[in-house]
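Atoms within each ligand, like the ligands themselves, are counted from 1 in listed order. Below, each value reflects all heavy atoms present in this structure, side chains not excepted, and no hydrogens, waters or symmetry copies. One is the number of the first residue; the rest follow in order along the sequence.
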Amino acid sequence: MTIHYRSSAAGPLRGELRVPGDKSISHRALMLGAISEGRTEIEGFLDGLDCLATRDALRAMGVRIEGPQAGRVAIDGVGLDGLQAAEQALDLGNSGTSMRLLAGLLAGMPFTSVLTGDNSLSRRPMHRVIAPLTQMGAHIEATADGTAPLQVHGRRPLAGLRYTLPVASAQVKSALLLAGLGAAGETLLVEPRPSRDHTERMLRARGADLRRLDAQRLVLRPGRALTAAPVGVPGDISSAAFFIVAATLVPGSELLLREVGVNPTRTGLLEILKLMGADIELLDPREVAGEPVADLRVRHAPLHGIEIPPTLVPLAIDEFPILFLAAACAKGTTRLREAAELRVKESDRIEVMAQGLAALGIAVAPMPDGIIIEGGPLEGGQVDSHGDHRVAMTFSVAGALAHEPVTITDCGPIETSFPGFADCAGAVGLELALLPAAALS
Ligand code: S3P
């Protein structure tokens, strides 16, 4: 069923919320659990379609995985040599993380795997993993455009690798680390800018010989078996982002977001919002299973436009749709550059957000690697999510701030990352209604 929402002006956001588990950590907990020795128990797992695609792919390769049930998952690890060739293609739906990380893992297996995805995933660039994995000795077939379906003809052992990533990408870095685990030599990666480091934290906690040489260089020495370790998945800051921005923008709001992951490689959103004038406090900072966690208290504050520092771009890469809404409601101009990566996410987020904001009366100037947004009054209207979960959630928040309701079409993909989004939104005071298709203009 195609789902459309109508979002209307809301009073202040109040109360407490625990958003669902972190998507990046949930994927990695499954993959590393599968190739560890012993049983991995996960709590707080994200029961979204993307992570279920990873679970199903691992099951198809012979790994016993129970759950999720109330966020609990148990995996009987098969070790680095225990995965079996799947009988059919592995369908990874909308999930770029599943496809790129599994391509890396499967490149080092002595069998062939076929990886497929939905229309959006089949348009996303895979050359970025194919090129370095080919250098390691795998043979990967893709379309002429370098997109899925991928046929990964693995090789065991792969050769080690020295590689400078052309773009800051945690998916590419993680794919190469997974490939490097069973390689014959060491894998040395140079990152242009830091990106999320969940894979490194989890690999080290399981006994991998992985060291950071300096801010840019990372080296993995193969040969050590991984030992299972429990995972407590924190709330996903990328999901909390919608409520952080909503509470900041709606006058009179005060919201407490509990147990949010605040790994410093993920908190670019908080840094950028603070530069714009937001009032966000981190309460009770603590560590859970090797990941920093805190409760976030967010109070309404007027925002002003800024030049977004390029160093923060990879640290907020998934939060730009909602940050663009924050910029649209801020006083003055916000400029973003060095963010061309946004054009190859679940949708072209520069183009799709520019269209959506323009439809609501905001002056925007998209550029090849960024955007200029002029803050101003938000009008009502109809916006297409282009099947992008984060665009759909962003415009669901926009209706709370606009003079007239905002209709958002094609909201089904919200299930990929944030099951229960509409209930969470309702619980803190946002006015979000399911709209019958017949009601669309
Ligand atoms: C992710 C990394 C980021 C991010 C994606 C999840 C991950 O992608 O956009 O949603 O879990 O490693 P890139 O590595 O392409 O920047």
If I apply the N/O under 3.5 Å rule, does [X] come out as touching ligand 1?
X: S174; answer: no
X: R28; answer: yes
X: K23; answer: no
X: E341; answer: no
X: L101; answer: no
X: E346; answer: no

If you count the non-hydrogen atoms of other residues, nucleotides and ligands that lie under 6.0 Å from [atom1] in [X], is the total more than 12?
X: R212; atom1: CZ; result: yes
X: Q88; atom1: CD; result: no
X: H139; atom1: NE2; result: yes

Please work out whether any backbone atom (N, CA, C, O) or any side-chain heavy atom from C-beta onward of [X] is under 4.0 Å from ligand 1, and answer side chain, backbone, both or neither.
X: H27; answer: neither
X: K345; answer: side chain
X: R196; answer: side chain

Quick test of your reading of the model: are [X] and [Y] salt-bridged, counting only N-O distances below 4.0 Å?
X: D47; Y: R55; result: no
X: D81; Y: R156; result: yes
X: D50; Y: K23; result: yes
X: E200; Y: R28; result: no
X: R196; Y: D318; result: yes
X: R64; Y: E66; result: yes

Need the ligand 1 atom indices (1-based, order shown) with element for anything under 4.0 Å from a heavy-atom of [X].
X: A170; answer: 12 (O), 14 (O)
X: I317; answer: 9 (O)
X: T97; answer: 1 (C), 6 (C), 7 (C), 11 (O)
X: S24; answer: 6 (C), 7 (C), 11 (O)

Look at atom 10 (O) of ligand 1 and say which protein heavy atom is nearest, naming residue and atom and giving the distance to 0.1 Å.
-> D318 OD2, 2.7 Å
What's the shortest distance from atom 1 (C) of ligand 1 to any protein heavy atom, and which residue and atom give it?
-> Q171 NE2, 3.5 Å
Got a donor-acceptor contact below 3.5 angstrom from the T407 side chain to the Q382 backbone?
-> no
